[in-house]
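Below you'll find the structure, written out as structure tokens, and then a few comments.
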Amino acid sequence: MNQDRNVFQLAVPCGIWFGVQVRISIWFVLVFAALCSRLGDVTLGLTVGAIMFLSVLLHEFGHVLGARRTGGSADEVHITPFGGLALCIPASTFASRFITTLMGPMTNLAICVLTFYPLLKSQYSAGWYNPFEIPAVVLKGKALANVMPELLVLAFKVNWVLLLINLLPVHPLDGGRLLLMGLTAAGDAQVARNRYLVIGSYSGIAFMCLGLIYGSVWVMLIGAVVMAFNMQEQFRMQVSQQDESDASFMGYDFSEGYTSLERSHEAEEPSPGMLERWKQQREEELRRRKEEEDRQLSRTLDGLLEKLHAQGEDALTTAEKRQLQQISAKFRERNRGQ
């Protein structure tokens with residue numbers, strides 16, 4: 001295990017939900033602590049934190065659903081202080097990548113739509129559009145049935161914030177992924193990614209300046225995180241490009257005859273980023289699982305078809321007929337995705 005991944009992997013497994021392994025970073029408690037401190041009310045802070053956790057979880061399962069419904073796959077979700085991370089592998093089509101990315105924010109939008117009317121009917125309807133204003137609802141000492149209107153108001157506010165933030169066209173947010181898809185489709189992929197990261201870096205700086213001007217800690221925090229992610233990705237790309245340009249010197253290829261230089265170059269070659277290595281490892285694991293699943297389904301299908309041809313359709317039980325239909329439908333869906 002690489003030592004620089006230990007902190008990132010400090011997560012508590014919370015079981016498998018709908019075929020997805022859910023893990024929660026131990027650092028998520030910092031979100032609860034920050035909310036309790038900022039709101040000045042432990043009960044309100046813990047409640048908002050719990051609603052935020054559930055909303056982020058539903059957001060990530062939106063990505064999972066989008067991937068699976070368009071021929072892709074997903075089997076793991078991480079919840080961290082900076083949001084969620086769903087390990088999705090969309091099908092090799094633009095539509096699958098687009099829908100997989102969009103389904104996360106659309107989940108938050110659906111929750112906003114469902115809770116908007118209760119918000120308008122409440123005493124907290126003024127300034128509903130301000131994503132950084134949490135209503136000072138009173139929860140302490142009330143039964144669950146009596147605080148349900150306040151909980152719906154908080155659910156709207158939290159999901160409104162998540163929706164607006166995730167639609168920002170900057171790396172690594174969902175809006176940024178959609179922007180990158182559009183830039184890549186319109187031109188060279190390398191140029192598109194460079195522009196995409198420059199936009200993200202300047203956007204982060206702009207958010208930090210706005211936070212300073214208007215005294216908003218949350219806006220400053222968003223700007224700092226966005227700028228850090230974009231600058232890190234820009235640096236990683238520059239290192240990668242430098243490695244490619246250093247493969248030869250003055251037009252001479254030293255790949256043969258100077259093995260010591262080659263070994264030195266290989267030793268100094270920087271490894272991929274922490275998140276990139278984790279994604280590569282998980283994608284390889286997903287491919288192995290998918291191949292094993294395909295082999296198992298093929299064996300089951302062969303057995304059912306052999307029984308069908310040898311003994312006729314009446315020999316199959318109801319469960320076997322249903323299984324045959326499900327396996328056949330699954331293979332047809334995968335073939336369409338390819």
Side-chain angles (χ1 to χ4, degrees), residues 1-31 49-93 96-108 111 159 162 165-166 171-178 180-181 225 229 232-233 236 271-297 330 333-334 337:
M1 179 183 295
N2 294 324
Q3 293 301 317
D4 59 351
R5 296 182 64 195
N6 289 345
V7 174
F8 182 74
Q9 290 185 337
L10 290 177
V12 179
C14 297
I16 298 177
W17 304 358
F18 306 104
V20 177
Q21 173 69 62
V22 177
R23 300 179 186 274
I24 305 174
S25 169
I26 64 171
W27 305 113
F28 196 81
V29 296
L30 297 176
V31 175
I51 293 174
M52 182 176 294
F53 167 76
L54 292 174
S55 300
V56 171
L57 186 63
L58 289 173
H59 174 104
E60 299 308 323
F61 268 93
H63 290 307
V64 170
L65 178 62
R68 289 179 173 179
R69 295 294 293 178
T70 56
S73 60
D75 74 341
E76 191 162 342
V77 164
H78 278 230
I79 305 298
T80 76
F82 300 107
L85 177 64
L87 183 61
C88 298
I89 303 179
S92 56
T93 62
S96 179
R97 294 192 298 271
F98 182 84
I99 293 173
T100 298
T101 302
L102 192 62
M103 278 295 290
M106 289 302 98
T107 303
N108 299 124
I111 297 174
N159 282 274
L162 293 176
I165 291 177
N166 275 283
H171 174 77
L173 302 173
D174 294 328
R177 294 192 182 98
L178 296 174
L180 180 59
M181 290 180 201
V225 171
F229 272 106
Q232 180 189 38
E233 187 66 13
R236 190 191 67 80
S271 59
M274 176 181 63
L275 180 58
E276 194 66 28
R277 290 198 303 273
W278 178 80
K279 289 177 66 177
Q280 290 173 357
Q281 183 183 32
R282 295 300 302 147
E283 287 174 1
E284 180 62 29
E285 183 179 345
L286 276 176
R287 280 193 291 270
R288 288 198 299 268
R289 290 183 185 178
K290 189 173 182 180
E291 290 174 358
E292 179 59 31
E293 181 185 0
D294 287 345
R295 285 193 291 269
Q296 182 61 40
L297 289 176
K330 191 165 188 176
E333 184 178 350
R334 288 187 180 179

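This structure is a prediction, so every number in the text was calculated from the model and none was measured. What you see below is based on every heavy atom in this structure, not just the backbone, and it leaves out hydrogens, waters and symmetry mates.
If you take CD1 on Ile26 and OG1 on Thr80, they are separated by 12.5 Å, rounding to the nearest 0.5 Å. In this structure, Met103 CE and Arg69 CZ are separated by 9.5 Å, a value rounded to the nearest 0.5 Å. Once rounded to the nearest 0.5 Å, the distance linking CD1 of Ile16 with CD of Glu76 reads 9.5 Å. Summarising the geometry, atom CG belonging to Leu58 is positioned 9.5 Å from atom CZ belonging to Phe53; distances are rounded to the nearest 0.5 Å. Of the inter-residue distances, the one linking His63 atom NE2 with Leu85 atom CG reads 9.5 Å to the nearest 0.5 angstrom. With rounding to the nearest 0.5 angstrom, the OG1 atom of Thr101 is 11.5 Å from the CE atom of Met106.
Side-chain contact between Cys88 and Ser73 is absent, with no heavy atoms from C-beta onward closer than 4.5 Å. The shortest side-chain heavy-atom distance between Gln21 and Pro13 falls under the 4.5 Å cut-off. The side-chain heavy atoms of Asp174 and Leu102, taken from C-beta on, include no pair separated by under 4.5 Å. Counting only heavy atoms from C-beta outward, the side chains of Thr107 and Phe61 never approach each other to under 4.5 Å.
For the residue pair Trp17 and Leu57, the shortest heavy atom distance occurs at CZ3-CD2, 3.1 Å. When all heavy atoms of Ile24 and Cys14 are compared, the closest pair comes out as CD1-SG, 3.3 Å. Annotation for Arg97 and Ser92: closest pair NH1-C, 4.1 Å, computed over non-hydrogen atoms. Of all heavy-atom pairs spanning Ala86 and Val64, the tightest one is CB-CG2, 4.3 Å.
No donor-acceptor pair under 3.5 Å is formed between the side chain of Glu60 and the backbone N or O of Ile79. Of the possible donor and acceptor atoms, one in the side chain of His59 sits under 3.5 Å from a partner among the backbone N and O of Gly104. Remark: side-chain polar atoms of Arg23 are not paired, donor with acceptor, to backbone N or O of Val77 under 3.5 angstrom.
Taking the six-membered ring where tryptophan is involved, the planes of Phe229 and Phe82 are perpendicular, since the angle between them exceeds 60° and thus also 30°.
In this structure, a donor-acceptor pair under 3.5 Å is present between the side chains of Ser55 and Asn159. Looking at Ser96 and Thr70, their side chains do bring a donor and an acceptor atom within 3.5 Å of each other.
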